[in-house]
Novice: 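Sharing a structure with you now.
All residue numbers refer to positions in the sequence shown, counting from 1.
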Amino acid sequence: MRSEFEALRNSIKSLQNSDDKAAKQYLSDAIYFRTKREKQFKSQNHFALKLETLEGLASYTGYKLSAHKDLYRMAILELNGRENPTGLNRSFAYATGLAYGLLFDHFQVKWRTDLKHIYSFSDIYKQQKIFTQSKHSKVEAIKQRNKYYEIEREESKRKLTNDSIRQFYKNIFVKQPVLVVHRDTSDKTYYMSYDMNSTFTLGKEGIVYSAISSVSTNPFVFGNFKTTGETQIGKTGILITSDFEKLTFPKPIKIEGNIITGENYIIELNKAWTVKQIDKKGNLEIVKK
């Protein structure tokens with residue numbers, strides 16, 4: 001994905017230099033990397049395309065309707081900014097949606113259809129006769145043009161860091177006692193706000209959110225919570241399943257009345273809820289009284 005970002009960045013920079021031929025070449029490179037990724041993670045493509053359609057095209061539309069005069073510069077800033085966090089999950093679409101949209105617009109591709117359509121930029125590209133497809137015999141040239149090996153070295157180092165972070169969270173949420181709460185996902189009054197650039201995927205267990213808070217006026221939900229202090233990946237966090245049904249907190253430091261205090265979080269319980277120990281290990285659960 002970072003190689004795709006690099007190729008998109010190079011394509012847009014070529015447009016800034018009025019070099020359409022180079023822009024087409026780099027766009028072709030981006031589609032090459034994208035196609036490889038989509039084949040490798042085929043089971044996840046539908047979710048990625050939904051994110052790109054909902055968030056990516058919202059980003060594209062926002063910039064197109066804005067007062068910004070240099071949209072190419074804004075697209076490069078988006079690519080740079082989304083690439084910096086520890087992971088690209090969730091946030092990648094804001095950059096790719098804008099970049100592909102602007103590139104297709106420049107080459108006068110009629111790519112926009114309706115609001116009920118899931119957009120695949122690979123399919124859109126491959127349906128256009130004005131673009132030349134990259135051949136597999138040119139793979140080495142594609143990689144050299146887009147800093148593939150430099151990115152690979154950087155990602156190898158990132159993997160070591162991520163492995164350490166994963167062990168840290170496994171220790172907190174799997175090996176040590178925790179506090180859990182199950183919530184009714186059909187309740188649409190419960191909102192959670194979080195920094196998508198401060199998330200870490202923990203496999204099947206869910207996603208760790210290091211900076212997150214909740215709010216609801218519904219007195220029948222368990223309550224509200226927020227992270228506090230040093231809210232950084234690898235330092236703290238709250239584990240939440242992908243369906244947002246189960247929330248797992250590190251075991252609290254103290255419980256006073258309806259206030260639960262952890263090392264890096266606070267929970268305020270509503271009146272009908274309490275905390276009970278659920279096993280000999282010391283795991284706790286927030287339940288209705």
Side-chain angles (χ1 to χ4, degrees), residues 47 85-91 158-289:
F47 301 106
T86 54
L88 288 170
N89 52 311
R90 298 181 179 271
S91 67
R158 194 207 298 248
K159 182 181 184 301
L160 293 176
T161 301
N162 284 349
D163 287 346
S164 176
I165 293 172
R166 187 170 290 105
Q167 282 302 116
F168 171 77
Y169 283 130
K170 285 279 189 179
N171 182 52
I172 289 178
F173 293 115
V174 178
K175 295 182 180 180
Q176 296 185 20
V178 294
L179 168 68
V180 301
V181 60
H182 295 268
R183 50 175 295 271
D184 180 6
T185 55
S186 66
D187 177 14
K188 303 306 178 183
T189 68
Y190 200 82
Y191 300 97
M192 284 183 265
S193 176
Y194 57 87
D195 178 1
M196 72 174 67
N197 292 323
S198 295
T199 60
F200 188 88
T201 302
L202 200 63
K204 295 180 180 180
E205 285 86 357
I207 296 175
V208 178
Y209 298 80
S210 67
I212 186 170
S213 62
S214 71
V215 61
S216 175
T217 57
N218 185 351
F220 297 105
V221 301
F222 76 92
N224 290 307
F225 68 91
K226 64 179 179 180
T227 51
T228 60
E230 192 176 8
T231 54
Q232 294 180 6
I233 288 294
K235 300 289 185 181
T236 184
I238 296 167
L239 177 63
I240 305 179
T241 52
S242 58
D243 59 3
F244 286 90
E245 188 272 336
K246 181 183 178 183
L247 286 68
T248 303
F249 300 81
K251 191 171 182 179
I253 297 171
K254 61 180 178 179
I255 302 173
E256 297 179 332
N258 69 324
I259 302 298
I260 303 171
T261 305
E263 187 174 349
N264 290 95
Y265 68 85
I266 293 177
I267 303 172
E268 183 178 0
L269 293 180
N270 285 330
K271 292 181 179 180
W273 297 77
T274 188
V275 177
K276 74 171 184 178
Q277 185 169 325
I278 57 176
D279 57 29
K280 294 180 180 180
K281 182 181 177 180
N283 287 312
L284 306 173
E285 184 174 5
I286 296 173
V287 297
K288 286 186 178 180
K289 291 181 181 178

Novice: Going by side chain to side chain donor-acceptor pair (under 3.5 Å), name the residues that satisfy it together with S186, two or more places apart in sequence or in a different chain.
Specialist: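 Side chain to side chain donor-acceptor pair (under 3.5 Å) check on S186 returns D184.
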Novice: More than 12 heavy atoms of other residues, nucleotides or ligands under 6.0 Å from CZ of F47: yes or no?
Specialist: no
Novice: Tell me the closest heavy-atom pair linking T236 and V208, and the distance in Å.
Specialist: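 What the structure gives for the nearest pair is O-CG1, 4.2 Å.
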Novice: With sequence neighbours left out, write down each residue that passes side chain to side chain contact (heavy atoms under 4.5 Å, CB included) with K254, or none if nothing qualifies.
Specialist: E256, T261
Novice: Between I267 and L179, does a side chain to side chain contact (heavy atoms under 4.5 Å, CB included) hold up when you go through it step by step?
Specialist: CA-CA 11 Å; I267 303 172; L179 168 68; 3.8 Å; yes
Novice: Sequence neighbours left out, what passes side chain to side chain donor-acceptor pair (under 3.5 Å) with K170? Give chain and number order.
Specialist: E205
Novice: Identify, with sequence neighbours excluded, every residue that meets side chain to side chain contact (heavy atoms under 4.5 Å, CB included) alongside P250.
Specialist: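 Partners of P250 under the side chain to side chain contact (heavy atoms under 4.5 Å, CB included) test: I172, F173, Y265.
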Novice: Between L247 and M192, what is the shortest heavy-atom contact and its length?
Specialist: CD2-SD, 4.4 Å
Novice: Please list all pairs meeting salt bridge (charged side-chain N to carboxylate O under 4.0 Å, His left out) that have one or both residues in residues 241-252, counting only residues at least two apart or in different chains.
Specialist: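 Counting only pairs at least two positions apart or across chains, no salt bridge (charged side-chain N to carboxylate O under 4.0 Å, His left out) contact touches residues 241-252.
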Novice: Kindly write out the residues that satisfy side chain to side chain donor-acceptor pair (under 3.5 Å) with Y169, not counting sequence neighbours, or none if the list is empty.
Specialist: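 In terms of side chain to side chain donor-acceptor pair (under 3.5 Å), with neighbours along the sequence ignored, Y169 is linked to no residue.
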Novice: Just list the side-chain donor-acceptor pairs under 3.5 Å for residues 269-276, sequence neighbours left out, or say none.
Specialist:
from	atom 1	to	atom 2	distance (Å)
N270	ND2	V221	O	2.8
W273	NE1	F220	O	3.3
W273	NE1	V221	O	3.1

Novice: Starting at CZ of R183, measure out to OG1 of T241 and round the result to the nearest 0.5 Å.
Specialist: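 Atom-to-atom, R183:CZ and T241:OG1 are 9.0 Å apart.
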Novice: Given side chain to side chain contact (heavy atoms under 4.5 Å, CB included), test N264 with T227 step by step and report yes or no.
Specialist: CA-CA 6 Å; N264 290 95; T227 51; 5.7 Å; no
Novice: Can you tell if the side chain of S198 reaches within under 4.5 Å of the side chain of T231, non-hydrogen atoms only?
Specialist: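 Counting from C-beta outward, S198 and T231 never come under 4.5 Å.
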Novice: Can you check whether N283 reaches I278 side chain to side chain, under 4.5 Å on heavy atoms?
Specialist: yes
Novice: Rounded to the nearest 0.5 Å, what's the gap from CD1 on I253 to CD1 on I266? Could you check?
Specialist: 10.0 Å
Novice: How long is the gap from OH on Y194 to CD1 on I207, to the nearest 0.5 Å?
Specialist: 7.5 Å
Novice: Donor-acceptor check, side chain of N224 to backbone of S216, threshold 3.5 angstrom: yes or no?
Specialist: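 Flag set: sc N224 to bb S216 pair under 3.5 Å.
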Novice: Please give me the minimum heavy-atom distance between Y190 and G223, naming the atom from each residue.
Specialist: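 So the minimum-distance heavy-atom pair works out to OH-O, 2.9 Å.
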Novice: Run the side chain to side chain contact (heavy atoms under 4.5 Å, CB included) test on F222 and H182 for me, step by step, so that the C-alpha distance in whole Å, both residues' side-chain angles and the decisive distance to 0.1 Å come before the verdict.
Specialist: CA-CA 9 Å; F222 76 92; H182 295 268; over 6 Å; no
Novice: For K235, give me all partners under side chain to side chain contact (heavy atoms under 4.5 Å, CB included), at least two apart in sequence or on another chain.
Specialist: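 Here the qualifying residues are E230, Q232.
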Novice: Answer with yes or no after comparing the ring centroid distance for F249 and F225 against a 6.0 Å cut-off, counting only values under it.
Specialist: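 Yes, close enough.
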Novice: Go through the structure and list residues passing side chain to side chain donor-acceptor pair (under 3.5 Å) with S210, not counting sequence neighbours.
Specialist: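 S210: no side chain to side chain donor-acceptor pair (under 3.5 Å) contacts found.
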Novice: Quick check: closest heavy atoms across Q176 and N171, and the distance to 0.1 Å?
Specialist: NE2-ND2, 2.9 Å
Novice: Considering all heavy atoms of both residues, which atom of P252 and which atom of I260 are nearest to each other, and what is their separation?
Specialist: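 Looks like CB-CG2, 3.5 Å.
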Novice: Which pairs, with at least one residue in residues 279-289 and sequence neighbours excluded, count as a salt bridge (charged side-chain N to carboxylate O under 4.0 Å, His left out)?
Specialist: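 The answer is none; no pair qualifies.
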Novice: My understanding is that only residues two or more places apart in sequence, or in another chain, count here; which of them pass ring pair (Phe, Tyr, Trp, His ring centres under 6.0 Å) with F168?
Specialist: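 In terms of ring pair (Phe, Tyr, Trp, His ring centres under 6.0 Å), with neighbours along the sequence ignored, F168 is linked to no residue.
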Novice: List in chain and number order the residues that pass side chain to side chain contact (heavy atoms under 4.5 Å, CB included) with E268, two or more places apart in sequence or in another chain; answer none if no residue qualifies.
Specialist: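 In terms of side chain to side chain contact (heavy atoms under 4.5 Å, CB included), with neighbours along the sequence ignored, E268 is linked to N258, I259.
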Novice: Decide yes or no for V178 and L239: does some side-chain heavy atom of the first lie under 4.5 Å from some side-chain heavy atom of the second?
Specialist: no
